[in-house]
Amino acid sequence: MKENVQQILAHFHIKQFQHDLIHWFQTEQRDLPWRKDKDPYKIWVSEVMLQQTRVDTVIPYFYHFIEKFPTLDSLAEAEEEEVLKAWEGLGYYSRIRHLHEAVKEVKEKYGGCVPASKEQFSSLKGVGPYTTGAVLSIAYGIPEPAVDGNVMRVLSRIFYITDDIAKGSTRKKFENIVSHIISHDNPSDFNQALMELGALVCTPKNPSCFLCPVQRHCRAFAEGVETELPVKTKGKAPKRVSFRAIVLMNEKGNILIQKRPPRGLLANLWQFPNDEHAPTRNDESFVKEISERYHVVIRSMERIGSFEHVFSHVVWHIEAYKGNALELQMGDETNKWVTIDELKQYAFPVIYQKIWQAYE
DNA sequence: TAGTCGTGGGA
DNA sequence: TTCCCAAGACT
């Protein structure tokens, strides 16, 4: 951080920039479902869904989620299982667990009205600096910075800032800058415009500078270094993990499913019996492990394929089997024998959905 | 601070 | 195929 904010903003035409940016947004913005009204609840839901997730991926989830939980109260009153099912396949599942907890708190403490106070809203579960600024500015018109990856990319180019955006501390520098250049007349459009510009024009690769509405304000363009920015260090390669899983059917035609622990990877989602916790070396030790852990007798077993799934920091390689089994113990909260029809009520990670498809 | 936490799309 | 991601938050 070589320059302070005053130096960075020297000779920068704030009013012209605000006008150029907001005017572009008002004529070129995409027609997105969460832009139909200013319902703070819907804005909040959309912002949580959009965290690290593409717009095209979010759109169908948003429609379905709002149809199922149209109001904050309806979400607050819903069962965890039902809420998680609506998030199935979207990823980063702690987002929905935190959102569910947060709306319950809003219902209890604020009568179901999303607080417009920065202190109150940002204290809610899963609500960080970005989401605070996004919801308060878009839903309530409060001039708070909403600095996401788009904003850091756009502003790193506009101001030729070479700080590593992979570092957490860099975001604060951009928040400081935005707090100085944000439009107080229209903070909602200003924040959204910065992100929209990043999504449509000031893209990571091959930015369309020739049609950029703020090209005349851009230091990187003037210097011809737009493709060198932003500076972002690479993360390390994900670790590889191999284990087995098995779809078991009992004599009644029921399938054994298991709820994952409430913390960690894919928390609270459901899966088929596996030895993820203690990977086995061969079929014999696998059968022994599954039999003891899940209290079953495996009468027959057949391999149905191998599956790979890449997470953010780990790669799973699963050898999948199907088999027939006898249950030695009644199910409980985390281990259930369910009908194939009932399976549809439970949220499964994508890789276990693929294993189920291979089973069918 | 750096690691954890999903998924599917595009170059 | 391989890589980088995409409107981050939590620990």
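So that the names make sense, note that chain A is the first sequence line, chain B the second, and so on, each numbered from 1. Worth knowing before you read on, the calculation uses all heavy atoms, side chains too, and leaves out hydrogens, waters and symmetry mates.
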Would you kindly give the [atom1]-to-[atom2] distance between [X] and [N], to the nearest whole Å?
{"X": "A/Ile351", "N": "B/dT7", "atom1": "CD1", "atom2": "P", "result": "9 Å"}
{"X": "A/His313", "N": "B/dT1", "atom1": "NE2", "atom2": "P", "result": "21 Å"}
{"X": "A/His309", "N": "B/dC5", "atom1": "NE2", "atom2": "C1'", "result": "12 Å"}
{"X": "A/Ile96", "N": "B/dT7", "atom1": "CD1", "atom2": "P", "result": "15 Å"}
{"X": "A/Arg260", "N": "B/dT4", "atom1": "CZ", "atom2": "P", "result": "15 Å"}
{"X": "A/Trp87", "N": "B/dC5", "atom1": "CH2", "atom2": "P", "result": "18 Å"}
{"X": "A/Leu99", "N": "C/dG8", "atom1": "CG", "atom2": "C1'", "result": "14 Å"}
{"X": "A/Leu84", "N": "B/dG6", "atom1": "CG", "atom2": "P", "result": "10 Å"}

Out of curiosity, does A/Leu72 fall in the hydrophobic cluster containing A/Trp87 (side-chain heavy atoms, cut-off under 4.5 Å, transitive links)?
->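 They do share one cluster, since a chain of ILVMFWY contacts under 4.5 Å joins A/Trp87 to A/Leu72.
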Give a yes or no on whether A/Leu9 and A/Leu21 share a hydrophobic cluster (residues Ile, Leu, Val, Met, Phe, Trp, Tyr; joining criterion: side-chain heavy atoms under 4.5 Å apart).
->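 Yes.
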So [X], base contact, sugar-phosphate only, or nothing? Heavy-atom distance under 4.0 Å.
{"X": "A/Gly198", "value": "nothing"}
{"X": "A/Gly149", "value": "sugar-phosphate"}
{"X": "A/Arg30", "value": "base"}
{"X": "A/Leu90", "value": "base"}
{"X": "A/Gly264", "value": "sugar-phosphate"}
{"X": "A/Leu197", "value": "nothing"}

Is it the case that more than 12 heavy atoms not belonging to A/Asn206 sit under 6.0 Å from its CG atom?
->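 At most 12 heavy atoms, drawn from other residues, nucleotides or ligands, come within 6.0 Å of this atom.
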Just wondering, are more than 12 heavy atoms of other shown residues or ligands nearer than 6.0 Å to NZ in A/Lys288?
->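 Not buried by this count: 12 neighbours or fewer within 6.0 Å.
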State whether a side-chain donor-acceptor pair under 3.5 Å links A/Gln51 with A/Tyr130.
->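 Absent: no donor and acceptor within the cut-off.
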Donor on one side chain, acceptor on other, A/Arg35 and A/Gln192, under 3.5 Å |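 Yes, A/Gln192 and A/Arg35 have a side-chain donor paired with an acceptor closer than 3.5 Å.
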Whichever of A/Lys236 and A/Leu265 has its nearest DNA chain B nucleotide further upstream toward 5' =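 Looking at DNA chain B, the more 5' nearest nucleotide goes with A/Lys236.
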Let me know, please, whether A/Arg95 or A/Gly168 comes out on the 5' side of the other along DNA chain B by nearest nucleotide.
->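 That would be A/Gly168.
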Ring centres under 6.0 angstrom apart (A/Phe286, A/Tyr321) =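 Under 6.0 Å, so yes.
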Near-ring test A/Phe62/A/Trp34, centroid separation under 6.0 angstrom |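 Ring centres of A/Phe62 and A/Trp34 closer than 6.0 Å.
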Toward the 5' end of DNA chain C, by each residue's nearest nucleotide, A/Gly126 or A/Ser46 =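 Nearer the 5' end of the strand: A/Ser46.
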Residues from residues 34-43 of chain A lying under 4.0 Å of DNA chain C - heavy atoms =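 Of all residues in residues 34-43 of chain A, the ones placing a heavy atom under 4.0 Å from DNA chain C are A/Trp34, A/Arg35.
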Run the numbers on A/Arg95 and A/Thr53 for side chain to side chain donor-acceptor pair (under 3.5 Å), then give the verdict.
-> CA-CA 12 Å; A/Arg95 290 184 295 178; A/Thr53 309; 3.1 Å; yes
Find every protein N or O atom lying less than 3.5 Å from an N or O atom of nucleotides 2-6 of chain C, and list the pairs.
| from | atom 1 | to | atom 2 | distance (Å) |
| --- | --- | --- | --- | --- |
| C/dA6 | N3 | A/Gln52 | O | 3.2 |

If we take the P atom in both C/dA6 and C/dC10, what is their distance in whole Å?
->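 Going atom to atom, P in each nucleotide, I get 23 Å.
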Between C/dA9 and B/dG8 - P atom distance, rounded Å |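 About 23 Å, rounded to a whole number of Å.
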Heavy atoms only: give me the nearest A/Thr233-A/Ala166 pair and the separation to one decimal.
->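 In terms of heavy atoms, the two residues are closest at OG1-CB, 3.5 Å.
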Check whether any side-chain nitrogen or oxygen of A/Lys167 sits under 4.0 Å from OP1 or OP2 of B/dA2, and answer yes or no.
->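 A/Lys167 to B/dA2 OP1/OP2: side-chain N or O found under 4.0 Å.
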